[in-house]
There are 2 protein chains.
Amino acid sequence: MNPKNKRASLKDVAQLAGTSTATASRAISGRGYIDEKTKLAVLAAARELNYQPNLQARNLRQQSSCLVGLIIPNLLNAYYTSLADSLSQLLYEKGYHLWLSSTRDDPQVEEGMLYDMLGYPVDGLIWVPTRSDDETLIKYIQDRQVPAVTLVRRVIKDMLDTIVFEDMAGSRVAVQHLLNLGHRRIAYIGGDTRHSSNHDRWLGFQQTLEAAGVEIQPDYIKLGSNWNTLGQVAATELLCMSAPPTAIFVASNALMPGVLKTLRQYHIRVPEDMSIICFDDLDWFSFSTPPITAITHDHTKLAHAAVDLLMNRINKADKYASPPLFMTIDFDLVLRQSTAPPKHLQGGTLPSLKDLR
Amino acid sequence: MNPKNKRASLKDVAQLAGTSTATASRAISGRGYIDEKTKLAVLAAARELNYQPNLQARNLRQQSSCLVGLIIPNLLNAYYTSLADSLSQLLYEKGYHLWLSSTRDDPQVEEGMLYDMLGYPVDGLIWVPTRSDDETLIKYIQDRQVPAVTLVRRVIKDMLDTIVFEDMAGSRVAVQHLLNLGHRRIAYIGGDTRHSSNHDRWLGFQQTLEAAGVEIQPDYIKLGSNWNTLGQVAATELLCMSAPPTAIFVASNALMPGVLKTLRQYHIRVPEDMSIICFDDLDWFSFSTPPITAITHDHTKLAHAAVDLLMNRINKADKYASPPLFMTIDFDLVLRQSTAPPKHLQGGTLPSLKDLR
DNA sequence: TTGAAAGCGCTAACAG
DNA sequence: CTGTTAGCGCTTTCAA
């Protein structure tokens with residue numbers, strides 16, 4: 001065996017097979033002309049030494065890393081989870097591997113990760129941006145000429161390839177559904193509007209109400225950035241109002257646990273006392289009590305589109321020649337049982353917290 | 001600018017600063033003696049050229065990759081999701097990055113990933129094995145001298161560092177809880193027992209019933225490997241029996257959706273008609289209707305322990321000198337409202353499907 | 001304190 | 001078809 005039991009290198013294989021490293025390389029990589037006999041000899045030697053090519057060295061030489069970076073806010077949200085799962089599969093099929101990191105919505109971490117990934121360098125980048133307004137950061141990515149696609153949240157001026165859900169349209173449909181049921185006192189709980197996703201949903205909400213001639217009551221609007229606590233805090237505030245809403249539009253699935261917990265705590269019946277609709281769907285929504293009406297998206301579609309866009313750019317000679325593409329993923333409104341006409345239309349009176357306790 | 005707009009290399013920087021690459025390297029990496037003045041000159045040149053070290057090249061030279069591989073069955077289960085999220089963070093703090101891949105419980109994919117990762121090579125491996133009985137595969141890992149830790153499922157002979165949940169003990173406690181409530185007709189729905197986790201839970205179930213002198217009825221036992229459909233199929237079969245169980249022990253969170261869906265479909269009331277206890281906890285269990293009693297684990301503990309074990313080995317001179325370690329993560333029984341005494345102890349009669357429809 | 005030179009492990013151009 | 005040579009971009013002796 002080798003000194004120190006070190007991993008065999010191509011040189012060792014070549015030596016044992018009695019060829020040059022070049023020939024050994026040809027035998028193993030299967031490229032270039034080579035005599036069948038010598039090829040077999042090399043392969044035998046390789047097997048004997050338990051040889052496995054060092055991919056890092058190969059990649060350095062070939063100016064690629066076969067790595068695609070994925071930067072997401074976190075993996076505690078099924079939103080990103082299913083994305084990461086699909087991407088891992090799809091990339092593997094294309095011969096790439098997934099370098100994952102989760103920023104916890106911390107711009108510092110995000111910048112560090114971006115820097116490390118581009119420094120490696122990765123062959124491509126898939127990114128759900130936290131800090132999407134920082135032109136310097138995006139310029140940096142462009143300068144590095146790294147094929148990159150931005151997901152879910154748009155970056156400033158859409159400077160990179162982008163795929164988002166139809167946030168505004170989805171939001172409109174959700175709100176219209178509540179309006180159609182007869183709701184006028186509609187609350188909105190949603191995330192940080194600095195992210196385009198939240199911004200557009202919020203906008204869709206406003207526009208739909210305005211178009212319907214319903215005035216937006218500021219107390220009904222709960223915007224925040226801490227998805228851990230926002231749902232619970234906002235719901236509690238809404239319930240404690242003297243004239244609480246009759247319906248809540250929850251603009252992110254991450255907020256639903258808090259909202260539902262609070263509703264239960266106050267013994268609010270859904271949908272009799274309160275209608276609930278959520279912008280994104282989760283598996284347990286369908287067998288929650290009651291099942292939750294939601295706007296759903298096919299997340300694998302997003303993953304497929306992302307990989308397509310990325311491969312498209314990776315395989316292009318001048319990777320940055322064509323202008324950034326912009327795509328959206330469509331949605332469905334899945335009617336379940338968490339929405340119904342408001343109480344006063346059901347024959348009852350307008351509910352207030354006093355009635356409900 | 002450079003020809004072809006290529007990324008600046010250390011050589012370019014050195015040239016611009018009027019030093020050798022060696023000196024430039026010292027300036028940038030911050031190691032070795034260097035005059036403050038020349039250091040500044042180099043850094044200035046680097047900034048001007050937008051220089052960023054090529055980490056792949058650096059790593060090749062330093063015989064490391066700063067990459068830790070993570071292989072898991074999939075990311076659709078919160079079990080692994082929270083793990084990946086925590087690991088990404090923890091490793092980042094230690095200066096490592098996460099290379100993730102998801103096998104979908106396909107041994108073929110698993111083997112391919114393992115091969116690629118060790119070939120790169122990664123500096124460490126964290127692995128939830130799918131194929132844990134293949135000694136060749138594990139020998140291969142050992143031969144490569146890669147620090148590796150196995151999670152959740154044990155590999156044959158515990159040949160690698162291992163951290164698992166206390167499957168058997170947790171299972172015992174869950175079953176004992178049902179026995180204490182007075183249940184004797186207890187069903188078990190669980191995953192492929194070729195995985196140690198499922199095997200041990202299954203064993204714990206059997207032992208506890210035996211110790212209590214309760215005979216195990218084969219019809220009540222539903223083992224399978226397809227977590228997508230097993231819950232639903234098994235629950236349906238159980239409900240269609242002439243003498244259905246009064247309680248179900250669901251041995252994996254992934255099966256709960258199917259079980260609950262089925263229960264709802266047949267209008268079975270929980271816990272009045274049927275008690276449910278689950279081996280692993282999910283966030284929505286706490287506000288499901290009714291909230292689900294479960295065995296819970298602190299998944300971040302698992303992540304921390306995994307990183308500790310891994311770093312421990314990575315930093316050891318002779319990485320494989322010490323024998324594999326074996327650790328377990330403890331659990332809690334969280335009593336919620338999905339378990340209650342069986343119907344006949346509540347004053348009713350033994351339920352059968354006819355009564356319930 | 002600095003530079004020349006070797007080399008991590010591999011591939012690719014060019015001769016032969 | 002095969003070997004020689006050069007080099008990917010970096011770090012690290014070793015001399016100076």
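Every chain is numbered from 1, with letters handed out A, B, ... down the list of sequences. Bear in mind the structure is a predicted one, so any value in this text is a computation, not a measurement.
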Whole-Å distance separating the [atom1] atom of [X] from the [atom2] atom of [N]:
X       : N       : atom1 : atom2 : result
Y120(A) : dG9(D)  : OH    : C1'   : 13 Å
D12(B)  : dG9(D)  : CG    : C1'   : 10 Å
Q56(A)  : dC8(D)  : CD    : P     : 17 Å
R61(A)  : dG9(C)  : CZ    : C1'   : 11 Å
N59(A)  : dG9(C)  : CG    : C1'   : 11 Å
Y33(A)  : dA13(C) : OH    : C1'   : 14 Å
N54(A)  : dG9(D)  : CG    : C1'   : 15 Å
R26(B)  : dT11(D) : CZ    : C1'   : 10 Å

For [X] and [Y], test the side chains for any donor-to-acceptor distance below 3.5 angstrom and give the result as yes or no.
X       : Y       : result
Q52(A)  : Y140(B) : yes
D105(B) : T130(B) : yes
S102(B) : N74(B)  : no

So does [X] get a side-chain nitrogen or oxygen closer than 4.0 Å to the phosphate oxygens (OP1/OP2) of [N]?
X      : N       : result
S20(A) : dG3(D)  : yes
Y51(A) : dC10(C) : yes
R58(A) : dT11(C) : yes
S25(B) : dT11(D) : yes
K6(A)  : dG9(C)  : yes
T23(B) : dG3(C)  : yes
T38(B) : dT2(C)  : yes
Q63(B) : dT11(D) : no

- Salt bridge D133(A)-R194(A), side-chain N to carboxylate O under 4.0 Å: no

- Measure across A45(A) and V13(A) and return the closest heavy-atom pair with its distance rounded to 0.1 Å. CB-O, 3.8 Å

Given [options], the nucleotide with the shortest approach to the side chain of [X]:
X      : options                  : result
L60(B) : dG3(D), dG9(C), dC10(D)  : dG9(C)
A57(A) : dC1(D), dC10(C), dC10(D) : dC10(C)
A22(A) : dC10(D), dT12(D), dT4(D) : dT4(D)
S29(B) : dG9(C), dA12(C), dT11(D) : dT11(D)

- Query: Is D85(A) reaching over with its side chain to a backbone N or O of L75(B), donor-acceptor style, under 3.5 angstrom?
  - Reply: yes

- Query: Looking across every strand, which nucleic acid part, if any, lies under 4.0 Å from I34(A) by heavy atom: base, sugar-phosphate, or nothing?
  - Reply: sugar-phosphate

